Number of protein chains: 2
Amino acid sequence: MARSKVSISDIAKQLNISTTTISFILNGKAKEKRISDKLVARVLKKVKEEGYIPNMVAKGLRTGKTNIIGLMVEDISNPFFASIAKKIEEKAHHNGYKIVYCSTENDSERAKEFLTMFQTLGVDGCIIAPTMGMEEDIRDLVEKGMDVVLLDRKFRNMSADVVMVNNEEGMYNTVTHLVKEGFKKIAFIALALDKPEKEDRIIGYKEAMEDNGLEAHVFPLPFRVEHSEYVKEISDILNNYQDFDAMLFGTNYLGISGLEAIGNLGLRIPEDLAVVSFDDHDLFRIYKPGISAIAQPIEEISQTAIDTLLDRLGHNDKQKVNRMVSLATTLILRGSTERVVKDKS
Amino acid sequence: MARSKVSISDIAKQLNISTTTISFILNGKAKEKRISDKLVARVLKKVKEEGYIPNMVAKGLRTGKTNIIGLMVEDISNPFFASIAKKIEEKAHHNGYKIVYCSTENDSERAKEFLTMFQTLGVDGCIIAPTMGMEEDIRDLVEKGMDVVLLDRKFRNMSADVVMVNNEEGMYNTVTHLVKEGFKKIAFIALALDKPEKEDRIIGYKEAMEDNGLEAHVFPLPFRVEHSEYVKEISDILNNYQDFDAMLFGTNYLGISGLEAIGNLGLRIPEDLAVVSFDDHDLFRIYKPGISAIAQPIEEISQTAIDTLLDRLGHNDKQKVNRMVSLATTLILRGSTERVVKDKS
DNA sequence: TTGAAAGCGTTACCAT
DNA sequence: ATGGTAACGCTTTCAA
């Protein structure tokens, strides 16, 4: 580490005063401790001259606060999480906090390692988009007193705040819209990390199909590292069941892989197949035709998550009841879901 | 901070041995210090039982190493940087390092703040994609002994390692290719943070145009926060100079804004206008037609940057001469640059 | 083969 | 209004 040569005691020596006084001044307690303005000025001047920079590590050891927040998401390179990360970092920085991040890759072993890392690093709190199999570990963490904000997944009886998106409703409304438009054979390519019957997006889809008297066609895909594998699987699905008139994708990367598969097969959107994807993406806006998307409110998710955490970190009010915020999705309609009456010829 | 209740001295007390011994054992010095296997086993067992987790803050204070690396990029939510961040984090984690990141937004004031943050946090080293106006501050940092790896921009006489991409050559080759294909009126929409005559991509473009006896048309745009502003500016350019047959974009987000502008104006790619963008992107691969791109080797950039830094952090060999790695770009040809002979009718 | 104690830079309690 | 000093949890030198 490039240790700044000058410490608080160097300044103290040079000015012939105590480190205590300097610490008070540097921490804005000069008034409270009734330190003379003259001395304050003298200290501040010296501090600037010497280019003194406080050592957060020492401070952290003494105070038990590192001003670091841990952020754990599925994949920091996914635009959805990257945008959230950026917003959270901005807000955190504005409040004097730094962010250390990690990508779980939906691997619970990795995730556990990171949880340990957060503890040994001494983060003040963390924001976690949990993967399957993390419930117990997160519970332990919370019981140790760590402030945790959960993204997108809640656990029963855990005293952590939660920021959710109403996935079920978002999906339900989307299917309803498609049905109104006249689509009937609607497939759902879903990312299923959990059991399908526990995945909200799948539940919403099935419910809507059922309520409309239609048959549900869910294709739950497990997590894949290589996107080319998704392309292949989706191509297979399209080849084996050629009579779908609409296809839903459960995440932005499934949607992207889907577009690639559809393009490769030479299918026209929306004439041959209507398309909607969860999570909006630059690509969906600019693609021709535009791809309708179920957009998550990234701004609000980030804002709520970091606000909730900072709030808790600020007032160490452990009594306060946990928040559980559920945000609505927005169905953005674009060309990919416009009903085109097929010419039967 | 959720402080883990159990410290090294708790274990020591319970086992009736000294903290020294435990420290040795935990740091793999048991053999070296010839501590009995029996004791080692006893300690390890206890440590596991008690769920002891070392406190990196205390460790950091004592050793002067935090095992934290600072990562500073223009915008962590840009897929280009997000991918780099992910790769770097992976590799760092594998070597016991954590990453704290920040987005400069091309704002040198923000950037300076972050540099200070890195110091007060005590990061062991950092990877920086510098913005204009940071040269002096980075130089100070390096002189204080911080290990710094620069991404994509070098400074004269600075003892920092540099990982560059050969922007000039990438651009030159692209223009050359377009000319060979028969394009003549080639415009370049460039992001110009520095003076245009110092931007490698602009230099490469101009040189190639000149070498082919063509007139250069550079439109240097300053950094904008809102992408809609780019769309507007690019639309204006397209409206005012309607005889371009090809358009180059200096970054992926300029390219995306460009596609939006082109789409809005109803121009056909590549019939009315060929398009190439710097930085590949999912969108460019999947768009119809595919958009040719000058791809930066993200994998190699990340790998080289983190390897270089870890190397330096490992062997504190300050004597070692600085590395300056320059990586080649790849021109990925897609439909957007296929020459279509226009029907004059 | 193991332990005592100093010290990393800061804060905060208790003095004065 | 200001200062002395213990303490935070760990590593490391020196001693035994």
Side-chain angles (χ1 to χ4, degrees), chain A residues 1-44 46-47 50-67 96 119-122 124, chain B residues 1-43 46-47 50-67 96 119-124:
Chain A
M1 157 165 67
R3 71 174 52 271
S4 57
K5 320 284 273 212
V6 34
S7 79
I8 213 170
S9 65
D10 292 326
I11 308 272
K13 248 171 256 165
Q14 292 196 45
L15 290 174
N16 259 316
I17 59 174
S18 85
T19 60
T20 309
T21 307
I22 301 185
S23 176
F24 284 150
I25 293 176
L26 260 26
N27 288 300
K29 296 186 182 161
K31 285 276 171 289
E32 177 190 335
K33 299 290 176 179
R34 284 179 294 193
I35 294 171
S36 68
D37 290 357
K38 212 184 64 185
L39 184 51
V40 170
R42 218 151 60 88
V43 168
L44 259 26
K46 196 60 161 186
V47 159
E50 297 292 320
Y52 165 77
I53 290 183
N55 181 328
M56 288 303 294
V57 179
K59 191 174 196 159
L61 179 57
R62 180 61 238 234
T63 63
K65 287 180 52 41
T66 53
N67 276 27
Q119 294 174 79
T120 146
L121 182 56
D124 292 343
Chain B
M1 153 164 72
R3 70 175 54 270
S4 58
K5 321 285 272 208
V6 35
S7 80
I8 211 170
S9 66
D10 293 327
I11 309 273
K13 248 170 258 165
Q14 293 196 44
L15 257 33
N16 258 317
I17 60 174
S18 84
T19 60
T20 311
T21 307
I22 302 184
S23 175
F24 285 151
I25 293 176
L26 259 25
N27 288 300
K29 296 187 182 162
K31 285 276 171 289
E32 177 189 334
K33 298 290 176 181
R34 285 180 295 193
I35 295 170
S36 67
D37 290 357
K38 212 183 64 188
L39 184 52
V40 170
R42 218 151 59 90
V43 167
K46 194 62 164 184
V47 159
E50 296 292 320
Y52 165 76
I53 290 184
N55 181 328
M56 288 303 295
V57 179
K59 193 172 196 161
L61 180 58
R62 178 62 234 236
T63 62
K65 286 180 52 43
T66 53
N67 275 25
Q119 293 175 79
T120 148
L121 183 55
V123 301
D124 292 342

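Lettering of chains follows the sequences in order, A, B, ..., and the numbering in each one begins at 1. What you see below is based on every heavy atom in this structure, not just the backbone, and it leaves out hydrogens, waters and symmetry mates. Since this is a predicted model, take the numbers as computed values, not measurements.
Side-chain N/O atoms of B:Ser18 include none lying less than 4.0 angstrom from OP1 or OP2 on C:dA4. When the side-chain nitrogen and oxygen atoms of A:Lys29 are compared with OP1 and OP2 of C:dA12, one or more of them lie within a distance under 4.0 Å. For the pair B:Asn27 and D:dT11, the criterion of a side-chain N or O lying under 4.0 Å from OP1 or OP2 is met. Checking the phosphate oxygens (OP1, OP2) of C:dG3, a side-chain nitrogen or oxygen of B:Thr21 falls inside 4.0 Å.
Nearest-nucleotide assignment on DNA chain D puts the 5′-proximal partner with A:Ser36, out of A:Ser36 and A:Thr19.
Residue-level contact check: B:Lys38 touches neither bases nor backbone, having no heavy atom under 4.0 Å from any strand. Residue contacts for A:Asp37: at a heavy-atom cut-off of 4.0 Å it reaches no nucleic acid atom on any strand shown.
By the 4.0 Å N-to-carboxylate-O rule, A:Lys31 lies close enough to A:Asp37 to be salt-bridged with it.
Taking only distance into account, the side chain of B:Thr20 meets the base of D:dT12 through a donor-acceptor pair shorter than 3.5 Å. Judged by distance alone with a 3.5 Å cut-off, no donor-acceptor contact links the side chain of A:Arg62 to the base of C:dT10.
Counting to the nearest Å, the P atom of C:dT10 and the OH atom of A:Tyr52 are 3 Å from each other.
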#### Entry: CA sep, side-chain torsions, deciding dist, call: A:Ser18, A:Thr21, side chain to side chain donor-acceptor pair (under 3.5 Å)
CA-CA 6 Å; A:Ser18 85; A:Thr21 307; 3.2 Å; yes

